[in-house]
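Below you'll find the structure, written out as structure tokens, and then a few comments.
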Number of protein chains: 2
Amino acid sequence: MQNDQKIRIVIYEDNRDLREGMTFLLQATPGLEFAGAFPDATNLEMQIPGLKPDVVLMDIDMPGRSGIDAATIVKALRPETQVLMLTVFEDEEKVFQAIRNGASGYLLKRTPPTEIISAIQDVHIGGSPMTSTIARRVLRFFQQQPPSGSSRPDYDLSPRELEILKSMVKGYSYKLIAEEHFISVDTVRSHIRHIYEKLQVNSKTEAVLKALREKIV
Amino acid sequence: MQNDQKIRIVIYEDNRDLREGMTFLLQATPGLEFAGAFPDATNLEMQIPGLKPDVVLMDIDMPGRSGIDAATIVKALRPETQVLMLTVFEDEEKVFQAIRNGASGYLLKRTPPTEIISAIQDVHIGGSPMTSTIARRVLRFFQQQPPSGSSRPDYDLSPRELEILKSMVKGYSYKLIAEEHFISVDTVRSHIRHIYEKLQVNSKTEAVLKALREKIV
DNA sequence: GAATTTATCACCCTTTCGTGCTATTTACCT
DNA sequence: AGGTAAATAGCACGAAAGGGTGATAAATTC
């Protein structure tokens with residue numbers, strides 16, 4: 001993806017010890033080029049364009065601007081820059097926010113130095129290093145399944161009922177659903193009644209919500 | 001998540017050398033318990049319930065039933081079993097299919113034995129080991145779907161209207177919303193009309209759908 | 001201080017929904 | 001062949017939702 005120049009790295013990390021430790025680590029590693037380190041991301045617009053980092057190590061909790069907002073801005077300024085988030089906790093919400101905002105990797109601060117180095121190299125060649133715990137959360141989000149997958153309720157809808165439900169999820173009125181399926185409004189009503197019974201709801205909105213949250217629809 | 005019993009493992013892998021190699025590896029590793037190995041997944045319904053594996057190593061390309069279908073069935077039979085996919089190539093489509101079908105990890109066959117072992121332990125305690133390349137693909141999928149972050153449409157709802165919208169998203173009727181906010185049904189109606197105008201919809205269901213899909217609500 | 005926005009309430013009228021009950025045809029099960 | 005479930009359709013009634021119009025008071029903005 002990139003040539004074999006040194007990988008230019010910028011650090012945003014409010015903890016001084018950590019920041020200096022990582023700076024030292026980067027400077028001591030061949031193949032990496034330390035480009036700068038800052039305790040906060042407030043002036044990042046002025047820093048990134050000049051420093052032209054290949055990889056940014058971004059602390060997620062910083063005074064002033066959060067690492068998540070900072071990640072967004074970095075990607076906006078230099079899309080080719082890879083952002084590696086560093087955090088103490090694997091906060092579910094923050095992980096997803098960071099990912100949506102363009103972060104390419106997600107590591108815990110307690111990760112050993114050698115692994116941080118390889119994560120940097122990894123993210124630079126197009127990988128997305130992350131802890132397997134975080135990976136699981138991401139996957140789970142994909143699968144949109146309940147925690148330990150033990151009990152997914154089975155509402156036992158007939159194929160037709162499922163079709164009708166899908167139309168409902170499109171926001172259609174009875175009349176529209178009837179037209180869409182070439183059946184009478186009364187039939188639609190009939191199906192919907194059965195759907196309500198099976199889903200244990202009693203309004204279109206509730207049915208749609210339940211369908212969206214629990215089913216594939 | 002689990003107790004500290006041995007981790008029971010079943011292998012599905014059509015390549016004999018690989019299968020036997022992994023069998024040997026598992027048997028030689030303390031903490032793991034080899035429970036069975038098969039060259040294909042065609043009789044998996046008969047095997048899984050009896051063997052009760054904690055982790056299944058699943059080749060993705062097998063004669064007869066594909067590893068992806070097999071993963072689905074394993075999860076259906078024993079949701080608590082973790083499925084670790086093994087593959088030669090990082091085929092984008094297959095990765096996603098496997099994930100959607102309940103796979104909890106995704107490794108390349110060329111992964112060194114020690115890492116396979118740690119991946120097994122990892123997946124058993126709730127992690128999702130995967131190569132960083134695969135992780136990147138998963139993240140990219142995440143990132144491309146929502147236009148998100150910087151440009152989220154602003155419908156300019158008043159605080160009150162937002163409140164009402166939230167109630168609507170809870171599936172409440174006008175009456176319930178009125179009670180919840182100590183206002184009359186007519187007022188609720190009024191707010192909802194304004195919400196519809198701003199969101200450009202004309203039914204509760206549509207409003208709720210739009211709210212769910214585009215807003216935070 | 002005038003204009004705009006926001007929140008509130010009211011009345012009327014039409015359409016859509018939710019529900020109870022019934023009935024016919026098809027298809028599948030054993 | 002008889003039983004069961006699904007899909008279809010109808011009727012009827014009351015409740016809920018949606019559209020139109022208008023009005024008042026408070027807060028905010030200009």
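So you know, we letter chains A, B, ... as the sequences are listed, proteins then strands, and number each from 1.
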Assess the side chains of A:Ser190 and A:Thr187: does a donor N or O sit below 3.5 Å from an acceptor N or O? no

At a heavy-atom distance below 4.0 Å, what parts of residues 201-209 of chain A sit against DNA chain C? A:Asn202, A:Ser203, A:Lys204

Can you tell me the distance, in whole Å, between the NZ atom of B:Lys175 and the P atom of D:dG18? 15 Å

What residues form a salt bridge (charged side-chain N to carboxylate O under 4.0 Å, His left out) with B:Glu161, not counting sequence neighbours? B:Lys198

In whole Å, I'd like the distance from the OH atom of A:Tyr172 to the C1' atom of C:dT16. 17 Å

Side chain of B:Arg193 only, please: which of D:dT21, D:dG18, C:dC21 is the nearest? D:dT21

Test side-chain contact (heavy atoms from CB on, under 4.5 Å) on A:Met130 and A:Val95 and set out the steps. CA-CA 11 Å; A:Met130 60 176 82; A:Val95 171; over 6 Å; no

Is there a side-chain contact (heavy atoms from CB on, under 4.5 Å) between B:Leu26 and B:Ile120? Walk through the geometry before answering. CA-CA 10 Å; B:Leu26 298 185; B:Ile120 289 172; 3.7 Å; yes

For D:dG18, take OP1 and OP2 only and decide whether either is under 4.0 Å from a side-chain N or O of B:Tyr174. yes

For nucleotides 25-30 of chain C, give me every protein contact, N/O to N/O, under 3.5 Å, one pair per line with atom names.
none

Could you note down all residue pairs passing salt bridge (charged side-chain N to carboxylate O under 4.0 Å, His left out) where residues 185-194 of chain B supplies at least one of them, sequence neighbours left out? B:Asp186-B:Arg189

Run the salt-bridge test on A:Arg19 and A:Asp59 with the 4.0 Å N-O cut-off and return the result as yes or no. no

With ring-ring contact (aromatic ring centres under 6.0 Å, His included) as the rule and sequence neighbours excluded, what pairs involving residues 60-87 of chain A come up? none

From CD1 of B:Ile164 across to C1' of D:dG18 the rounded distance in Å is 16 Å

Between atom CD1 in B:Ile192 and atom C1' in D:dA16, what is the gap in whole Å? 11 Å

Quickly work out the B:Ile195 CD1 to D:dA17 C1' distance and round it to whole Å. 14 Å

In this structure, how many angstroms lie between the P atom of C:dC21 and the CD atom of A:Glu197, rounded? 11 Å

CG of A:Leu44 to CE of A:Met62: how many Å apart, nearest 0.5 Å? 8.0 Å

Has A:Tyr196 got a side-chain N or O lying under 4.0 Å from the OP1 or OP2 atom of C:dT19? no

Test item: B:Lys75 and B:Val83 side chains (from C-beta on) under 4.5 Å apart, heavy atoms: yes

Between C1' on D:dG19 and CZ on B:Arg189, what's the gap in Å once rounded to a whole number? 10 Å

Pairs: protein N or O with nucleotides 6-8 of chain C N or O, under 3.5 Å:
| unit_1 | atom_1 | unit_2 | atom_2 | d |
| --- | --- | --- | --- | --- |
| C:dA7 | OP1 | B:Arg160 | N | 3.2 |
| C:dA7 | OP2 | B:Ser158 | OG | 2.5 |
| C:dT8 | OP1 | B:Arg160 | NH2 | 2.8 |
| C:dT8 | OP2 | B:Arg160 | NE | 2.8 |
| C:dT8 | OP2 | B:Arg160 | NH2 | 3.4 |
| C:dT8 | OP2 | B:His191 | NE2 | 2.9 |
| C:dT8 | O4 | B:Ser190 | OG | 3.4 |

So, does B:Asn43 use its side chain to make a donor-acceptor pair with the main chain of B:Met46 at under 3.5 Å? no

Grab the CG-P distance between A:Asp186 and C:dG20 for me, whole Å please. 16 Å

CD of A:Gln200: more than 12 outside heavy atoms within 6.0 angstrom? no

